[in-house]
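Keep in mind that this is a model prediction, so the values were computed, not measured.
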Amino acid sequence: MKITHIMQDTREQRGKHKNIEDFMRKHGIKIIRDKVYVGDYTLPTDRRVSIDVKQDIVEIASNICGEQHGRFREELKRAQETGTQLYVLIQQNECNGKSITCPEDLHLWESPKFRYGKKKGEPRTFVKGEPLGKAMRTMEERYGAVFLFCAPEEAGQYVLELLGEEK
């Protein structure tokens, strides 16, 4: 199936995933901004698959182990209740030169440190990689979501493939 239009959630800040938006425009895919029930991207004609894009591992750590946990868990439940396959696409696939391809690889991950300001040198999150990976696997088992990792420059292609575009 050739995808010509995708839906982007209006609650998603414009430009937050500029790399994905640029990829879509470059490939002639029109982005329609509308409310998406779960995730950030889906198809206008078939919403059984949705992709929730995360900027990096720090963002997903905040969603799973931080203040956003309740909101994130509710989104996973909504996807499960509506039969929507939710993919959580994390735009980071390496840490300290080592590849991250699945939640188990997060045992390699350490939070980056703030580079500027009052918190310079402090970790951006106190979440450790191994428990984060285990929490992801638990959420996959409990709610049916799938956590995937990619480089930011690959995210647009991943979104299309997950939505069902054939190569």
Side-chain angles (χ1 to χ4, degrees), residues 1-66 68-95 99-106 109 127 132-167:
M1 165 179 73
K2 175 72 175 137
I3 295 174
T4 58
H5 294 74
I6 65 167
M7 305 277 298
Q8 180 186 50
D9 190 26
T10 52
R11 293 165 292 186
E12 183 70 24
Q13 185 179 19
R14 279 189 197 268
K16 180 178 180 189
H17 300 298
K18 186 176 180 335
N19 57 324
I20 295 172
E21 294 169 10
D22 289 348
F23 178 90
M24 297 303 166
R25 285 187 192 96
K26 180 180 174 187
H27 289 85
I29 297 163
K30 183 170 172 52
I31 298 171
I32 301 165
R33 288 186 52 87
D34 198 2
K35 185 175 181 188
V36 175
Y37 192 60
V38 294
D40 299 322
Y41 297 96
T42 191
L43 293 174
T45 56
D46 182 0
R47 297 185 184 202
R48 291 177 294 175
V49 175
S50 191
I51 295 101
D52 192 4
V53 179
K54 303 300 177 189
Q55 204 71 14
D56 55 22
I57 296 169
V58 171
E59 183 179 358
I60 192 64
S62 170
N63 289 164
I64 292 176
C65 303
Q68 299 292 319
H69 176 76
R71 182 202 57 78
F72 185 68
R73 186 183 66 241
E74 290 305 312
E75 183 169 32
L76 296 178
K77 285 181 181 178
R78 280 196 312 275
Q80 184 181 45
E81 290 165 359
T82 59
T84 303
Q85 177 59 64
L86 181 63
Y87 293 99
V88 181
L89 185 60
I90 302 155
Q91 298 184 87
Q92 182 178 349
N93 65 348
E94 69 87 25
C95 177
S99 180
I100 296 175
T101 61
C102 64
E104 287 76 18
D105 291 342
L106 287 174
W109 182 77
V127 176
L132 177 60
K134 288 179 181 179
M136 285 180 182
R137 283 298 187 211
T138 299
M139 290 182 150
E140 285 182 336
E141 292 166 11
R142 191 170 291 161
Y143 304 110
V146 177
F147 292 88
L148 302 169
F149 299 84
C150 72
E153 60 274 11
E154 301 169 330
Q157 185 62 45
Y158 264 83
V159 167
L160 288 182
E161 288 173 15
L162 292 169
L163 291 174
E165 174 148 303
E166 297 172 1
K167 286 187 177 185

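Side-chain contact between F147 and I64 is present, with at least one heavy-atom pair separated by less than 4.5 Å. Residues L160 and I29 are in side-chain contact: their nearest non-hydrogen atoms beyond the backbone lie under 4.5 Å apart. At a threshold of 4.5 Å between non-hydrogen side-chain atoms, the residues F149 and L106 count as touching. Side-chain contact check for L43 versus I6: some heavy-atom pair is nearer than 4.5 Å.
Between E59 and D56 the shortest heavy-atom distance is N-OD1, 2.9 Å. Across I57 and Q92, no two heavy atoms sit closer than the pair N-OE1, 3.1 Å. Listed here is the closest heavy atom pair of G39 and L86: CA-CD1, 4.1 Å. Across all non-hydrogen atoms, the minimal contact from M136 to I60 is CE-CG2, 3.6 Å. The minimum heavy-atom distance linking F72 with N63 is given by the pair CB-O, 3.5 Å. Listed here is the closest heavy atom pair of C65 and V127: CB-CG2, 3.6 Å.
The residues E81 and R78 are annotated as not salt-bridged, no charged nitrogen and carboxylate oxygen being separated by less than 4.0 angstrom. One finds a salt bridge joining E140 and R137 here, because a Lys/Arg side-chain nitrogen approaches an Asp/Glu carboxylate oxygen to under 4.0 Å.
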>> Applying side chain to side chain contact (heavy atoms under 4.5 Å, CB included) to M7 and K35, what does each step give before you reach the verdict?
In response: CA-CA 8 Å; M7 305 277 298; K35 185 175 181 188; over 6 Å; no
> Does the pair L148 and L162 meet the rule for a side chain to side chain contact (heavy atoms under 4.5 Å, CB included), with working shown?
Replying inline: CA-CA 10 Å; L148 302 169; L162 292 169; 3.7 Å; yes
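Counting only N and O atoms by type, the side chains of Q91 and N19 include a donor and acceptor under 3.5 Å apart.
Atoms CD1 and CG, from I100 and N93 in turn, are 7.5 Å apart once rounded to the nearest 0.5 Å. Remark: D40 CG to E75 CD distance equals 7.0 Å, nearest 0.5 Å. Interatomic distance, CD of Q68 versus CD of E74, reported as 13.0 Å (0.5 Å rounding). One finds the OG1 atom of T138 at 10.0 Å from the OH atom of Y143 (value rounded to the nearest 0.5 Å). The distance from atom OG of S50 to atom CG of L163, rounded to the nearest 0.5 Å, is 7.5 Å. Atoms OG and CD, on S62 and Q55 in that order, are 13.0 Å from each other to the nearest 0.5 Å.
Heavy-atom neighbours of R142 CZ from other residues, nucleotides or ligands within 6.0 Å: at or below the threshold of 12. Around atom NZ of K134, no more than 12 heavy atoms belonging to other residues, nucleotides or ligands sit under 6.0 Å away.
Proximity of a side-chain donor or acceptor of Q8 to a complementary backbone N or O of I31 within less than 3.5 Å is not detected. Using modelled atom types, one side-chain atom of R11 and one backbone atom of V36 make a donor-acceptor pair closer than 3.5 Å.
The side-chain hydrogen bond (donor to acceptor under 3.5 Å, both in side chains) check on H69 picks up R73, with sequence neighbours excluded. With sequence neighbours excluded, the residues satisfying side-chain hydrogen bond (donor to acceptor under 3.5 Å, both in side chains) with T84 are T82.
Of the residues I20, V49, L89, the one that meets the side-chain contact (heavy atoms from CB on, under 4.5 Å) test with Y41 is I20.
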